[in-house]
Trainee: 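Can you keep this structure in mind? I'll have questions shortly.
Both counts, for ligands and for their atoms, begin at 1 and track the order of listing. Here, residue 1 is the first one in the sequence, and each next residue gets the next number. The basis for the numbers below is simple: all heavy atoms, side chains too, and nothing from hydrogens, waters or symmetry mates.
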Amino acid sequence: MSRIETLLASMTFDEKVGQLNMLSAGFAVTGPVLAGDVTDAVRGGLTGSLINVFGRDATNDIQRVAVEESRLGIPLLLAFDVIHGHRTVFPIPLAEASSFDPDLWERTARIAAQEASADGVALTFAPMLDIARDPRWGRIAEGGGEDPLVASLYGAAKIKGLQGNSLASPSSVAATAKHFVAYGAAAAGRDYASTDVSERTLQEVYLPPFEVAVESGVAAVMPAFSDLSGVPMTSNGPLLEGWLRKRMSFSGVIVSDYNAIAELVVHGVAADLTEAAALALRAGVDIDMMSSAYTLGLPKALSRGLISMGDIETAVRRVLQLKERLGLFDAPFGRSAEISATLPARRETAREAGRRAIVLLKNDGDLLPLAPKSTRIALLGPLADAATDMMGSWSGAGRAEEVVTLLAGLREVPHLEIQYARGVGIDQEDDDGVERALGLAKSCDVIVLALGEARDMSGEAASRSGLDLPGDQANFARAVFALGKPTVVVLSSGRPLAVPWLFDQAGAVVASWFLGSEAGHAIADILTGKASPSGRLPVTWPRSVGQVPIFFGERPSGRPASDGQYTSKYQDLPTTPLFPFGYGLTYGRFTYAGIEADPTVAGEGDLITVSVRLRNDGRSTAEETVFLFIRKPVAHVARPLLELKAFTKLTLRPGEEGRVMQILPVEALRFPDPDLRPRIEAGEYQILVGPCADREQLLSTTIHISESGRG
Ligand code: GLC
């Protein structure tokens, strides 16, 4: 009999339920229910996993209690949210997504896994794969943006980086795909609010990243807090047991979100914890994070016949299997191998990730890069010397004292003379520094204005009703612009900010999101031209919160917006975004020509090669990201205006020409037919290639897909 079956046969009822009970060890607070001392529960075998604990000594100490003092010595699963780095903090996920660089996504996850496993962490709750098309929702900061392809590739890279080639490797950490599913479609952008999306949108937009995550071997999945059309995800049997486990053959662990099982009572689908526990267990949820519903509710659920002992043992078996895959039974202590990359190398990767996350949104008159000659810079604004905010939400084991701020980064540049004044706070109304800041700016050549959000204005439970600059920053910015000096705005935020007036008046604007430990170095590298910006927007950037939700993959209207009276327009604002998905300037100037597709007639199983010529007419070497979209103008179901199918990078020197070749498998054209069966529909398809999701900037050609085989 296997170790697991032998264990299972010897476990008491309480010990079985204990393996399904996850408690917080309190090293961090990530939910509304606070933890007490967990030692007795561990010693009594009443909990099989802990979250929010890290550190070699702390994890070994509590693991020793489980392994040496509990009756069966089953090792604990120790978990922590390593969302964008552990001790070395990388850019927030939305920022990393801006790099459109799967290799980088994997490399930063690998470093995070090494640092976290060295701190005793065996399971993390990442990657977050929620598609986000409403920037009011604070958790837009935590994922890969608005597009399913980007989120899918982001998730696959993160899972590979975190889990490595084997979970049993000491430097691997089990990954969790979350939050399953459609959490980002929260009503009115309010976190935890109800979601209601069509089956078609679920299949075309929200499920694909989780399908790829399962195919990538993700060890765990976390259901979302939210309900989907009235069925809370934590008790959504059709999607958890039905789609995830049976249709996708997911055999890993499903761990609830924090207190989510108990919240089934608040959702109104369970009368008490007993019913909540039964609903969740039958839906396929193995681990109850911090709600105690399983501990308190499963005994009664069993006696009331709402569940069977087999249901419980099936969940326990999956938890024990994960612990075995992680090698915890044989090596419960010190998961960590030596961290292969040195600390300086890890910091350099963070700096590289920071550079590649920065999106240059405006650069009038090539104000950037800053002139190489000695320049007196007035560095103003509340995000200039903001170490904690630079880490963004979910900063893991990061420490503010280890963060390079923008002020520190610029001060290291030898030929720059930096004068700094904060001016105003991020969101408090203290204007006492404005006059000093303006006075200081008058004697400088260029102003760098660091504005944006505090880190806790995005992330979980951080929805905002507006997308403006918080506090009195707007008035301060207008006063700075009124000085008439060349002004570069560095915008730090966890979401796009709808500040069209700022883009009108600034000479240059970079979206720096929150870049983590090496923020200041990364921004300084871009501002001084040590590196050319290459970041592109993974989300559409709105003019106003009134346009939200706004994204490039919308389906057509029968009366598309135009100047005509009876069309889908606003009376007071263009319907176009301030910046489209994929937008981002470089220090080069790229022109596109000569799009070709081969073959132009194809069928199932064929590969279509799409090529386009590029030339860099700029004065600097730069990296261009080339996007490949499709559009099916006529189909049995109206298709989105654009669908992203690939993106590729090309670096060209000034005056250099190159050709980008992208492979489009006909298989990638599959979409759910009127009966929601994924099919490849014959007919004409437009292939569109260019720098962003703006049709006016895309070159297009047409291919024909025949019913069967190449035409
Ligand atoms: C939080 C988040 C989830 C996180 C979990 C553990 O509420 O929703 O993303 O992994 O609790 O911290």
Trainee: Mind listing the side-chain donor-acceptor pairs of residues 393-401 below 3.5 Å, one per line with the distance, residues two or more places apart or on another chain?
Mentor:
unit_1	atom_1	unit_2	atom_2	d
W394	NE1	E142	OE1	3.2
W394	NE1	E142	OE2	3.1
S395	OG	R455	NH1	2.7

Trainee: If you round to the nearest 0.5 Å, how far is CG of L20 from CG of L281?
Mentor: 7.0 Å
Trainee: Just to be sure I understand the cut-off, which residues have at least one non-hydrogen atom under 4.0 angstrom from an atom of ligand 1?
Mentor: T30, D81, F125, R139, K178, H179, M222, F225, D257, Y258, M289, W394, E460
Trainee: According to ring-ring contact (aromatic ring centres under 6.0 Å, His included), does anything in residues 129-155 pair up with another residue at least two apart or in another chain? List the pairs.
Mentor: W105-Y154, W137-Y183
Trainee: By the definition ring pair (Phe, Tyr, Trp, His ring centres under 6.0 Å), identify the one residue from F225, W243, F125 that meets it with F180.
Mentor: W243
Trainee: Would the distance check show the side chain of R87 and the main-chain N or O of D119 forming a donor-acceptor pair, the cut-off being under 3.5 Å?
Mentor: no
Trainee: Report the residues that fulfil side-chain contact (heavy atoms from CB on, under 4.5 Å) with A156, sequence neighbours left out, ordered by chain and then residue number.
Mentor: V212, S216
